[in-house]
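Single-structure report; data block below.
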Amino acid sequence: MTVRQVEEHRESLRDPERFWADAAQAIDWDRPWDRVLDGSNAPFYRWFPGARLNTCWNALDRHVAGGRAEQVALIYDSPVTGQVGRFTYRELRDAVAKLAGALVALGVGHGDRVLIYMPMVPEAVMAMLACARLGAVHSVVFGGFAAAELATRIDDAKPKVILSASCGIEPGRVVAYKPLLDRAIELATAKPSACLILQRAAQPCDLVAGRDRDWREAAAEAAPASCVMVAATDPLYILYTSGTTGNPKGIVRDNGGHAVALRWSMENIYGVKPGETFFAASDIGWVVGHSYIVYGPLLAGCTTVLYEGKPVGTPDPGAYWRLIAEHGVVAMFTAPTAFRAIRRDDPDGTFIRQYDLAKFRTLFLAGERADPATVQWAERQLDRPVIDHWWQTETGWPIVANCAGLGLQPVKHGSATRTVPGYDLCVLGPSGDAMKPGEIGALCVKLPLPPGSSPTLWQAEERYVQAYLADYPGYYHTADAGFIDADGYVYVMTRTDDIINVAGHRLSTGAIEEVLASHPEVAECAVIGVNDALKGQVPLGFLVLKAGAKTDRGVVAAEVVALVREHIGPVASFKMAMVVERLPKTRSGKILRGTMRAIADGESYKVPATIEDPAVLAEIGEHLKGGGFGTGA
Ligand code: COA
Ligand code: AMP
């Protein structure tokens with residue numbers, strides 16, 4: 001039997017330029033490319049050099065001109081405010097053009113950076129598209145990050161303007177964004193010249209005279225701006241993601257390759273046709289929100305759903321099913337953690353059966369490992385294909401998937417199925433040799449990466465090389481380990497760096513350690529990710545206090561929990577820290593985090609031959625049995 005995904009994959013690697021030139025026909029270009037792929041500056045590759053286009057034009061204006069003006073482009077569904085709003089392509093285009101005009105009035109133009117720190121409201125989507133319209137580079141920062149994290153991103157991106165809102169709404173509490181923004185600007189060295197602030201009824205805020213402007217007033221007064229054509233290789237956005245230190249990596253996305261790849265992915269990976277409704281339950285602060293709430297569905301002429309709520313509790317575990325039924329969703333994308341939460345609250349699927357899901361065809365899961373028990377539960381309850389697929393902020397779209405648009409293949413639980421066309425995925429051993437089928441190694445993609453993948457890090461080319469290209473010359477190193485079986489099915493097992501995945505959110509344990517180490521009584525610390533039934537993983541901190549430390553151990557533990565919330569933000573879900581006498585180390589002083597994780601998760605482990613003092617492991621075990629975590633409460 002021929003498998004179309006396998007054939008297309010082979011074709012995409014045999015003649016990548018032809019493959020992607022064909023896909024690029026689905027995009028409107030102002031000027032064609034000189035060549036499809038420029039490899040003259042390897043290992044840096046550029047797709048579609050010479051071409052000019054505008055991403056906002058392709059996401060909005062072309063659909064208005066092409067017969068979709070009255071089709072709904074964006075549905076805003078917000079159980080936390082009790083609102084549902086709909087914007088046709090024409091309405092969204094007009095609102096974006098006005099907002100872009102307001103940005104022009106603030107001096108924003110091609111290449112300027114604009115930072116967006118917003119809750120899940122339609123204006124956040126408009127903000128991204130308004131930047132794209134002007135050829136300005138947006139950088140969206142997730143609302144669950146604290147002021148210090150925001151300040152780091154302001155200093156790196158140096159935005160001319162910041163777009164924000166008075167508040168976000170989490171179940172049971174209003175999160176005042178404005179004080180966080182004010183504090184971040186105070187902490188940052190690079191000051192924006194202006195801020196546009198969206199006042200929300202739940203909690204309006206004060207504006208800083210001379211710097212802040214009221215969003216609605218500014219947009220109402222502005223003259224609509226038209227699309228500025230930019231080079232295909234110009235940056236569309238920067239999205240910061242956790243690196244191995246406290247300094248996040250500024251993932252850069254270009255305009256041309258991104259538009260081509262996302263447009264292609266909507267039909268071929270997600271099996272969604274223009275005019276259909278797609279729902280990605282994520283946040284615009286993450287790559288899933290960028291690619292599959294905003295750009296992918298709109299580039300494809302679909303209707304996209306922007307959901308300001310949670311999978312459970314807003315008001316119940318039937319929230320997703322209500323959305324699917326009410327808005328005619330054909331395919332949905334979320335993280336497995338959301339399904340673990342729904343399963344916990346509705347184990348028998350009682351809520352699922354209250355809704356008419358006739359139009360719903362496929363559920364896609366990504367962002368963390370999809371545990372087979374959750375996938376099987378979802379399959380049983382929904383009686384529809386449940387597709388695990390694997391990708392990263394860096395790639396911007398899936399590397400491994402069961403491509404719904406190319407004919408679904410049999411599922412093997414635990415595997416995200418086969419490599420997606422465009423990616424030459426290999427499993428490499430420590431010396432760079434290809435591993436045999438079934439053998440675990442580093443998951444690497446042979447260069448060049450396909451269009452849409454990050455061509456570099458924002459103003460940090462050398463860091464890009466060191467982080468991704470140096471370990472295996474000629475390959476992009478994903479920092480995930482896994483294997484490919486004899487049928488070509490890919491199994492993604494674990495990260496090989498210090499990144500952990502908490503409720504689908506990517507966090508660096510190194511960054512949390514930096515915060516713990518800043519406590520005056522802490523001499524040494526280690527943070528590991530331990531298994532959690534709901535969030536997949538949660539961080540756990542171990543602290544060694546300075547000799548003669550005066551503060552009570554429980555108090556220090558609680559204080560570091562509060563510090564992490566203050567410095568990184570609630571998104572870190574850092575609620576557990578404990579004081580120990582010593583940390584287990586090798587004779588060369590390396591902390592044995594992997595062994596500590598195995599002890600915490602109750603797994604069997606080998607005492608490493610290089611350990612300095614094996615007795616420390618038993619001490620750690622005793623501490624974990626005894627509990628005594630600081631909770632910060
Ligand atoms: N602004 C401000 N605070 C935010 C926030 C935002 N946009 N998003 C989350 N937070 C806060 C939460 O209120 C919570 O605070 P708390 O410690 O005071 O309770 C904290 O950050 C942790 O949030 P979260 O990890 O989302 O946990 P939760 O307990 O609130 O919810 C789930 C658990 C499983 C319901 C939730 O993680 C979820 O919906 N996941 C869906 C998956 C997803 O969206 N993944 C994104 C990548 S695809
Ligand atoms: P992010 O950049 O936040 O999207 O996180 C990317 C990381 O999440 C990957 O490198 C993996 O470690 C993990 N991840 C994402 N999707 C999957 C998946 N389907 N299976 C296993 N791990 C995944």
Side-chain angles (χ1 to χ4, degrees), residues 80 117-120 124 141-146 165 167-177 180 239-242 249 251 280-293 307-314 317 319-320 333-342 344-345 364-371 375 387-401 414-417 443 454 477-482 490-497 499-507 532 534-538 561 564-565 568-575 632-633:
V80 294
Y117 183 59
M118 299 277 292
M120 289 284 283
V141 178
F142 177 60
F145 281 120
C167 66
I169 300 161
E170 284 292 288
R173 76 189 161 106
V174 173
V175 183
Y177 276 29
L180 297 172
L239 178 57
Y240 289 93
T241 188
S242 300
K249 293 173 180 160
I251 304 298
S282 180
D283 188 286
I284 49 133
W286 308 119
V287 70
V288 177
H290 281 63
S291 294
Y292 295 112
I293 297 175
Y307 176 57
E308 190 179 27
K310 301 272 172 177
V312 294
T314 55
Y320 285 173
F333 180 154
T334 192
T337 190
F339 265 75
R340 289 195 291 269
I342 295 170
R344 181 196 60 190
D345 290 7
F364 291 88
L365 298 176
E368 58 176 322
R369 189 170 157 72
D371 53 293
V375 174
I387 308 294
D388 174 22
H389 62 321
W390 168 65
W391 51 295
Q392 314 178 302
T393 306
E394 288 82 347
T395 63
W397 61 286
I399 312 169
V400 171
S415 166
T417 313
L443 289 168
S454 180
H477 181 198
T478 64
D480 278 303
V490 181
Y491 294 74
V492 181
M493 307 304 288
T494 182
R495 289 286 298 199
T496 51
D497 54 11
I499 299 291
I500 57 170
N501 213 305
V502 179
H505 309 318
R506 175 167 157 178
L507 293 171
D532 181 79
L534 176 66
K535 298 195 177 190
Q537 284 183 300
V538 288
V561 168
V564 172
R565 197 174 169 93
I568 297 182
V571 64
S573 293
F574 183 76
K575 310 227 161 153

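Whatever order the structure lists ligands and atoms in, that order sets their numbers, starting from 1.
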- Item | For atom 9 (C) of ligand 2, the option (of Val287, Asp480, Asp497) bearing the nearest heavy atom | Asp480
- May I ask you to list the atoms of ligand 2 that are less than 4.0 angstrom from any heavy atom of Thr393? 1 (P), 2 (O), 3 (O), 4 (O)
- Item | Per-atom contacts of ligand 2 with Arg369, taking only distances under 4.0 Å to non-hydrogen atoms | 20 (N), 21 (C), 22 (N), 23 (C)
- Message: How close do Pro171 and Thr314 get, counting heavy atoms only, and between which atoms?
- Response: CG-CG2, 3.9 Å
- Task: Report the relative orientation of the aromatic rings in His505 and Phe142; use parallel for angles under 30°, tilted for 30 to 60°, perpendicular for over 60°.
- Result: tilted
- Under 4.0 Å from ligand 1, residues with heavy atoms, in chain and number order, are Phe142, Gly143, Gly144, Glu170, Arg173, Val175, Tyr177, Ala281, Ser282, Trp286, Val288, Lys310, Pro311, Ala335, Thr337, Ala338, Ala503, Gly504, His505, Lys535, Arg565, Pro570, Val571, Ser573, Lys575
- What residues, two or more places apart in sequence or in another chain, satisfy salt bridge (charged side-chain N to carboxylate O under 4.0 Å, His left out) together with Asp480? none
- Query: Side chain, backbone, both or neither: which part of Arg495 comes within less than 4.0 Å of ligand 2 when only heavy atoms are counted?
  - Reply: side chain
- The protein heavy atom nearest to atom 18 (C) of ligand 2 is Glu368 O, 3.2 Å
- Query: Does Trp391 approach ligand 2 within less than 4.0 angstrom via side chain, backbone, both or neither, non-hydrogen atoms only?
  - Reply: backbone
- Considering all heavy atoms of both residues, which atom of Ala319 and which atom of Pro311 are nearest to each other, and what is their separation? CB-O, 4.0 Å
- Query: So which heavy atom on Gly367 is nearest to which on Asn501, and how close?
  - Reply: O-ND2, 2.7 Å
- Query: What pairs with Arg506 under salt bridge (charged side-chain N to carboxylate O under 4.0 Å, His left out), at least two apart in sequence or on another chain?
  - Reply: Glu394
- Query: Relative to each other, are the rings of Trp391 and His389 parallel, tilted or perpendicular (30° and 60° limits)?
  - Reply: tilted
- Item | Side-chain donor or acceptor of Tyr307 paired with backbone N/O of Tyr320 under 3.5 Å | no
- Message: Looking at non-hydrogen atoms alone, which of Gly414, Pro398, Ser242, Gly367 comes nearest to atom 15 (C) of ligand 2?
- Response: Gly367
- Task: Identify the protein heavy atom lying closest to atom 5 (O) of ligand 2, giving its residue, its atom name and the separation to 0.1 Å.
- Result: Arg506 CD, 3.6 Å
- Message: Heavy atoms only, cut-off 4.0 Å: how does His505 contact ligand 2, side chain, backbone, both, or neither?
- Response: neither
- Message: Could you check whether any side-chain N or O of Thr417 sits under 3.5 Å from a backbone N or O of Ala401, counting only pairs where one atom can act as donor and the other as acceptor?
- Response: no
- Those atoms of ligand 2 less than 4.0 Å from some heavy atom in Asn501: 8 (O), 13 (C)
- Please assess Val400 against Val492 for the test side chain to side chain contact (heavy atoms under 4.5 Å, CB included), listing each intermediate value before the final yes or no. CA-CA 9 Å; Val400 171; Val492 181; 5.7 Å; no
- Message: Applying salt bridge (charged side-chain N to carboxylate O under 4.0 Å, His left out), can you list everything that pairs with Lys310, at least two apart in sequence or on another chain?
- Response: Glu170
- Message: I need the atoms of ligand 2 closer than 4.0 Å to a non-hydrogen atom of Asp388, numbered in the order shown.
- Response: 18 (C), 19 (N)
- Message: What verdict does the side chain to side chain contact (heavy atoms under 4.5 Å, CB included) test give for Ile251 and Gln392, after you've listed the backbone C-alpha separation in whole Å, the side-chain angles of each residue and the deciding distance to 0.1 Å?
- Response: CA-CA 11 Å; Ile251 304 298; Gln392 314 178 302; over 6 Å; no
- Relative to the heavy atoms of His389, which atoms of ligand 2 are at a distance of less than 4.0 Å? 16 (N), 18 (C), 19 (N)
